[in-house]
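Counting starts at 1 for both ligands and their atoms, following the listed order. Residue numbers start at 1 and run along the sequence shown.
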Amino acid sequence: MPALIEVRELVRRYQLGGQEVRALDGVSLTIEAGEFVAIMGQSGSGKSTLMNVLGCLDNPSSGQFLIDGQDVSAFGPDELAQLRRERFGFIFQRYHLLPHLDARGNAALPSVYAGLADAERQQRAESLLTRLGLQERMHHRPNELSGGQQQRVSIARALMNGGQIILADEPTGALDSASGAELLALLKELNAAGHTIILVTHDAHVAAHARRVIELRDGHIVRDGGTPDAHQAASNESAPRGQGGWWSRKRAQWREALMSAWQSLKGNRLRTALSMLGISIGIAAVVSIMALTTAARSSIEKDVGGFLSGRIVFWRGNPNLPPGVPPQPFRPTELEALRALPGVRAVTSERETQMTARHAGRDSMVAVLGAEPHSLQMRKLKVVEGRAFAPVDFATSAHVVVLDEKARDNLFKKGEKVVGRTVLLAPGLDPQQAAAQIPGSPPPPVGVALPVTVIGLVAQDTGSMVQFGNGLGQVFMPHTAYSKKLDLRPDADVFNVLMDFSLPPAEVRKQVVYRLRALHGIEDFGSWSGEEEFQSFQQVTGALSLLFAGVGAISLLVGGVGVMNIMLVSVSERTREIGIRMAVGARQADVRLQFLVEAVLLCCLGGLVGVALSGLGAVALNAAQDKLHVEVSGAALALAFAVSSLVGLVFGTVPARRAAALSPVDALARE
Ligand code: ADP
Ligand code: MG
């Protein structure tokens, strides 16, 4: 049966200012299971170095090192971590407890990395602490415990995963003599229970408690008192060794990483808040772009994308016409020809004429329009008083009109009810307002003075970006009544092309313009297409999004660098904690995870603040205006979370790797 520990010609060199120090200079020894060995020697003789090598915290420069006959020299970091986790329990002179964990948390730490289930872990920690007389101190933090109590917590920690081999480096060094004596008694008890004890001390009185004393001087063994005694351990008490399955191990790792990340962020509130700032601004920018573009899009869709989508409006007249050239109206044959063009679903026409309207002695020039059933809707006019046209109005050519607000203001007193009133429509131009007429439009019908009943009042929908009309008040009348009573021309002044979307809108518009120009011999008309408007608006919002995205990206970059910086500080501040975690068996991956989780958590908190900022911005914006309704959507939240996590992952990688790459012994030595 191989010895528990066997080393041959162990050498550990240090490079000190160009000079080589041999802390261990050819040490050979064998330790059997169940021994109680004291390693003695003066300060600087190499005791700690030997203990660190034996405990797999440090690598020898050369020599052989076997545990249970297994050559450890070839082991990688994770295999060494496993050995520390499963075989060793460390007791340090300065206890090395984690300050933010209570006694139970500190004692239980090794089993987190072994993957013991939560309940079992706590139960075991509690029973160990109780055995060590700390049942009243379970929830005390190290700074609330005496030195002797802290050292007993560290013994509980050493025993947590079994502690087959207990390595104690000057364990009584910081204790008063009574506590020191108690501790030695405890170690003896543990040895009697089957634990192998390796005790490092410079004190001969302490060493006297061991059954075998090895003395070091200048890295050599100068005395090895007593042959390895054959005290064979009646194997250790049952030690839980990662019985938790893969799942419970992962859960324990993640929980520990989250808890410690949270503790660390909470412990440095101001620092955390400041380093979140860049991320918050970046995320606020990103979320705001999303909310704004979504709001703008839906507003435009409501506006032009709804009723107007798939529609091109043509009207008679063009400001670029040479003077003296009258714009021609659109003749039925021409409209018929346009209907045949590809991409055109239908063509609907409207006519209008300028007349004088009269009510209670007030006269005003108005544009009277022969309205189709959809005309009000198409102009984004909504009824604010009375009603819109009903089918029966068209069927019976009813003498009813709907006024817009301008016509109402010109004809009625302020606050006067308009619905049910009669207005007289008469031909003839007010000379002052004649200039407002489209040049060349047909003379108003002569000899007609038509009484009409007002059935409704319409107003421009505030959300609309499109405004029809030439500045005159508008009076809408069913097109059937209009053509019978006011304007007997079959020609139209306005027509709509409804598209079937087999061709792009711009293409259809080009074709109609081309054909109409050919028919008229000149471009004496104008046109407007909701689709194209939509597209040009999208270009504007696209540019705006780009700007916001730029601001967002830069803030995230700056924020990410800030997070990286703060995480590097955090790693160097917590180097000793990393060393402690490694000593109790944390793998490099565990340490990496811990710092990555902290970086991601930090970024996600920043992201959350950013989302809250943009939410507040949205509320303020919605209160200030009603054109856009801005909302922070679930998709924006998900994006914020994803982006924050990504920034955390990217910028947390370097600090996390740096932490994981620390050597346990260097990390522990750092103050
Ligand atoms: P002891 O624990 O017996 O006091 P150590 O094992 O700590 O002694 O140190 C042995 C020798 O190795 C000392 O001369 C010390 O200066 C040197 N030494 C220990 N650690 C380092 C290190 N990290 N770098 C350089 N020299 C070291
Ligand atoms: Mg030492």
Any non-hydrogen atom of Ser45 lying under 4.0 Å from ligand 1? yes
Next on the checklist: Gly44 versus ligand 1: do any nitrogen or oxygen atoms come within less than 3.5 Å of each other?
Outcome noted: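 Right, the criterion is met.
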Would you check the N or O atoms of Ala23, main chain and side chain alike, for any that come under 3.5 Å of an N or O of ligand 1?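 No, there is no polar N/O contact under 3.5 Å.
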Return yes when atom CD of Glu79 has more than 12 non-hydrogen atoms of other residues, nucleotides or ligands closer than 6.0 Å, and no otherwise.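 Check passes, neighbour count above 12.
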Q. Got a sec: does the CZ of Arg251 have more than 12 other heavy atoms crowding it under 6.0 Å?
A.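 Not more than 12 within 6.0 Å, no.
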[atom] - nearest protein heavy atom and its distance:
| atom | result |
| --- | --- |
| atom 16 (O) of ligand 1 | Leu16 CD1, 5.0 Å |
| atom 7 (O) of ligand 1 | Ser48 CB, 3.7 Å |
| atom 19 (C) of ligand 1 | Tyr14 CE1, 3.5 Å |

Short side-chain donor-acceptor distance under 3.5 Å, [Y] and [X]:
| X | Y | value |
| --- | --- | --- |
| Ser264 | Arg574 | yes |
| His202 | Glu170 | yes |
| Asn52 | Thr49 | no |

Could you tell me, atom by atom, which parts of ligand 1 come under 4.0 Å of a heavy atom of [X]?
| X | result |
| --- | --- |
| Gln42 | 3 (O) |
| Thr49 | 5 (P), 6 (O), 9 (O), 10 (C) |
| Ser43 | 4 (O) |

Scanning both residues in full, the closest heavy-atom pair of Gln588 with Ala661 reads NE2-CA, 4.3 Å
So, is Gln93 placed with an N/O/S atom under 2.8 Å from the Mg ion (ligand 2), counting both backbone and side chain?
no
Any protein heavy atom sitting closer than 4.0 Å to atom 27 (C) of ligand 1? yes
Checklist entry - How are the rings of His96 and Phe92 set to each other: parallel, tilted or perpendicular (split at 30° and 60°)? => result tilted
Report task. Take Glu215 and Gln42, measure what side chain to side chain donor-acceptor pair (under 3.5 Å) needs, and give me the verdict at the end. Result -> CA-CA 9 Å; Glu215 195 177 339; Gln42 290 176 339; over 6 Å; no
